[in-house]
Amino acid sequence: MKKLLLSTLAVAACFGAYAQEEQTVPAQLYLFGNAQGTSFNTESGLEFKAAQPGIFVLENVVMTSETSYFAFVSEFPPEGEENPWAFVNDHRYGPAEQDALFLTGDGDLNEFGLNGDRSWQIPQGAYTFTVDFNNMVAMAEAVEVPVGPGPEIEVPEVLYLIGDVTGWSQTEGIEMTKVSDTVFAVEDVELPGDVNSYFVFASELGSWDVINSHRFSPNTKDAPFDLEGANDVYVNLDFSWMVPVGTYNLYVNFETMKAATTEAAGVKTIGTNLNGEEVIYNLQGVRVNRANMVPGIYVVNGKKVVIR
C-alpha cells in the first residue's frame with residue numbers, strides 16, 4: 001500500500017491539470033457498488049481511511065461481478081430524507097463519462113469529479129484503491145485476497161437456493177433448512193433446464209446488487225458441480241454452478257465452506273461429503289450423538305444402521 005501511495009503522489013504531481021479548481025476535501029469517503037460488503041444503495045458503503053491530508057486509501061476490496069461497477073460517496077442521506085438518491089448523487093464522485101473503464105495498470109490515473117450518477121467499471125478481482133483529492137485522481141492496485149473457503153466467513157441466518165429453479169428471480173428463492181449451526185440443506189428439489197440446470201446460493205434477496213454481495217458460489221463461470229465429492233464455496237463472486245437436469249439434495253457447510261449434492265434416490269446426510277465427521281440422524285430427521293442413542297434405526301453418514 002505504501003508503494004501505491006507514493007506512486008500516486010509522484011505521478012499525480014506531474015498532472016496538475018487534473019485539479020483545475022480547488023476542491024473541498026470530504027471528511028469521509030466511501031466506495032459503493034458491486035463490491036463485497038456493499039451495493040448500490042443509499043445507506044452505507046466501504047469506508048476509506050485517511051492516509052494523508054486529502055488522500056484516502058481502501059485496501060483489499062473484492063469487486064464481485066465479472067464486470068463490476070462502482071463510485072465514491074462522501075456522505076449518505078440522513079433518516080427521513082425525501083429523495084435519498086438525489087442526496088447520494090450530490091455527494092458522489094465518479095468519471096466524466098458513464099461506465100468509464102477504471103484503469104488499473106502501473107501508474108494509471110483516473111480523473112474524477114462530482115459527476116452525479118456516473119460510475120466506473122472494473123474487472124472482477126481484489127484491489128487497493130487510493131483517492132487523491134489534491135489532484136482529483138484515483139488509482140487501484142490489483143492484490144491477492146482470499147475470497148473463498150475460510151473460517152472467517154460468518155454463518156448466515158438464512159440461505160436460499162436460486163437459479164433456473166426460481167427463474168433467476170431477484171426476490172424469490174427456495175429457503176433451505178438449517179440442520180445444524182453451520183449446515184443448510186434442501187432435499188428433493190427439481191432443478192429444471194434443457195440439458196443442464198444452473199444454480200447458486202444467497203443469504204439475502206432483493207436485487208442483483210444485494211444478491212451478489214451475499215452470494216455463495218464457485219470461483220469460475222458455469223462450474224460443473226461435483227456430484228460425488230465436495231465443492232469449494234466462494235464468497236460474493238458472480239458465478240454459478242451447473243448440474244444435469246434432475247432432482248437433488250443440496251447441502252452447504254459453512255464450517256468447511258463446502259457444498260455437496262446427490263441425486264435424491266435415497267437417504268443422504270451432509271456428514272461424509274462435507275467434513276468427514278460422523279453425522280447421525282434418527283428417522284425423524286433429528287441429529288443425535290452416539291452417547292444418547294437408544295436401540296433403533298439411524299442414518300449414520302448417509303447409511304441406514306440398526307443399533308441393538
Side-chain angles (χ1 to χ4, degrees), residues 36-37 62 64 146-166 168-170 172-193 196-206 208 210-281 285-287 299 301-302:
Q36 182 174 332
V62 178
T64 56
V147 294
E152 74 281 359
I153 303 302
E154 184 176 345
V155 179
E157 291 298 318
V158 295
L159 191 67
Y160 302 96
L161 169 69
I162 62 172
D164 289 341
V165 67
T166 58
W168 289 104
S169 170
Q170 301 176 54
E172 296 181 6
I174 297 175
E175 185 170 349
M176 303 178 71
T177 300
K178 196 171 187 179
V179 298
S180 75
D181 290 342
T182 60
V183 176
F184 291 83
V186 61
E187 298 189 338
D188 298 337
V189 61
E190 183 176 349
L191 299 181
N196 294 312
S197 189
Y198 298 83
F199 71 94
V200 74
F201 307 107
S203 58
E204 287 193 28
L205 305 175
W208 284 119
V210 171
I211 289 171
N212 289 336
S213 295
H214 300 84
R215 181 169 179 148
F216 302 95
S217 68
N219 64 346
T220 57
K221 185 177 181 180
D222 300 339
F225 199 94
D226 185 351
L227 301 180
E228 301 297 328
N231 298 265
D232 286 337
V233 176
Y234 292 79
V235 181
N236 301 341
L237 297 179
D238 187 13
F239 297 130
S240 304
W241 284 288
M242 68 176 184
V243 292
V245 169
T247 301
Y248 296 92
N249 299 330
L250 297 170
Y251 309 95
V252 182
N253 187 330
F254 280 88
E255 181 178 3
T256 58
M257 293 304 290
K258 303 286 185 182
T261 186
T262 63
E263 291 190 42
V267 179
K268 183 70 183 177
T269 70
I270 50 81
T272 302
N273 273 345
L274 291 184
N275 53 28
E277 299 175 356
E278 183 177 65
V279 179
I280 305 171
Y281 287 88
V286 178
R287 186 170 178 176
V299 179
N301 287 350

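Numbering starts at 1 and runs along the sequence shown.
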Enquirer: Quick one, Leu205 with Val210, criterion side chain to side chain contact (heavy atoms under 4.5 Å, CB included). Give me CA distance, side-chain angles, the key distance, then yes/no.
Expert: CA-CA 6 Å; Leu205 305 175; Val210 171; over 6 Å; no

Enquirer: Could you measure the distance from the OG atom of Ser217 to the CG atom of Asp232? Nearest 0.5 Å is fine.
Expert: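 Spacing of OG (Ser217) from CG (Asp232) equals 11.0 Å.
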
Enquirer: Could you tell me which non-hydrogen atom of Thr261 sits nearest to which non-hydrogen atom of Asn249, and how far apart they are?
Expert: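 So the two residues come closest at OG1-O, 2.6 Å.
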
Enquirer: Taking only residues two or more places apart in sequence, or in another chain, which ones meet Ser240 in a side-chain hydrogen bond (donor to acceptor under 3.5 Å, both in side chains)?
Expert: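 Once residues adjacent in sequence are excluded, the partners of Ser240 under the side-chain hydrogen bond (donor to acceptor under 3.5 Å, both in side chains) criterion are Arg215.
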
Enquirer: Give me the atom names and distance for the closest heavy-atom approach of Leu191 to Leu161.
Expert: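 Scanning both residues, the minimum pair turns out to be CD2-CD2, 4.2 Å.
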
Enquirer: For residues Val233 and Phe254, determine if any side-chain heavy atom of one lies less than 4.5 Å from a side-chain heavy atom of the other.
Expert: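 Result no, sub-4.5 Å side-chain heavy-atom pair not found.
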
Enquirer: Ser197 side chain to Pro192 main-chain N or O, any donor-acceptor pair under 3.5 Å?
Expert: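 A pair under 3.5 Å: yes.
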
Enquirer: Please find the pair of heavy atoms, one from Glu157 and one from Lys178, that lie closest to each other, and give the distance.
Expert: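 Distance-wise, the nearest heavy atoms are O-CD, 4.3 Å.
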
Enquirer: Where is the tightest heavy-atom contact between Asn253 and Glu255, given as atom of each residue plus distance?
Expert: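 Reported closest heavy-atom pair: OD1-N, 2.8 Å.
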
Enquirer: Mind listing the closest non-hydrogen atom pair of Gly229 and Ala260 along with its distance?
Expert: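 Closest approach of Gly229 to Ala260, heavy atoms only: O-CB, 4.0 Å.
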
Enquirer: Applying ring-ring contact (aromatic ring centres under 6.0 Å, His included), name anything that partners Phe225, two or more places apart in sequence or on another chain.
Expert: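 Applying ring-ring contact (aromatic ring centres under 6.0 Å, His included) to Phe225 gives Phe199, Trp241.
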
Enquirer: Going by the rule side-chain hydrogen bond (donor to acceptor under 3.5 Å, both in side chains), which residues pair with Trp168 if we only count those two or more places apart in sequence or in a different chain?
Expert: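 With neighbours one apart ignored, the set is Asp164.
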
Enquirer: Under 4.5 Å between any side-chain heavy atoms of Phe239 and Val200, yes or no?
Expert: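 SC-SC contact between Phe239 and Val200 ruled out.
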
Enquirer: Under the rule for side-chain contact (heavy atoms from CB on, under 4.5 Å), what residues qualify as partners of Thr220, not counting sequence neighbours?
Expert: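 By the side-chain contact (heavy atoms from CB on, under 4.5 Å) rule, Thr220 matches Ala223.
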
Enquirer: Main chain of Asp226, side chain of Asn231: is a donor-acceptor contact present, judged purely on distance under 3.5 Å?
Expert: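 Flag set: sc Asn231 to bb Asp226 pair under 3.5 Å.
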
Enquirer: Quick one: list whatever passes side-chain contact (heavy atoms from CB on, under 4.5 Å) with Glu175, sequence neighbours left out.
Expert: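 Once residues adjacent in sequence are excluded, the partners of Glu175 under the side-chain contact (heavy atoms from CB on, under 4.5 Å) criterion are Val158, Tyr160.
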
Enquirer: I want to check something: taking the side chain as every heavy atom from C-beta on, are Leu227 and Tyr248 in contact at a cut-off of under 4.5 Å?
Expert: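 Result yes, sub-4.5 Å side-chain heavy-atom pair found.
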
Enquirer: Apply side-chain contact (heavy atoms from CB on, under 4.5 Å) to Glu172 and list each qualifying residue two or more places apart in sequence or on a separate chain.
Expert: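 Here the qualifying residues are Ser169.
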
Enquirer: Val189 and Ile174: which non-hydrogen atoms are nearest, and at how many Å?
Expert: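 Minimum heavy-atom contact is CG2-CD1, 3.9 Å.
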
Enquirer: Hey, are the side chains of Val235 and Met257 touching, using non-hydrogen atoms and a 4.5 Å cut-off?
Expert: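 Yes - at least one pair of side-chain heavy atoms lies under 4.5 Å apart.
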
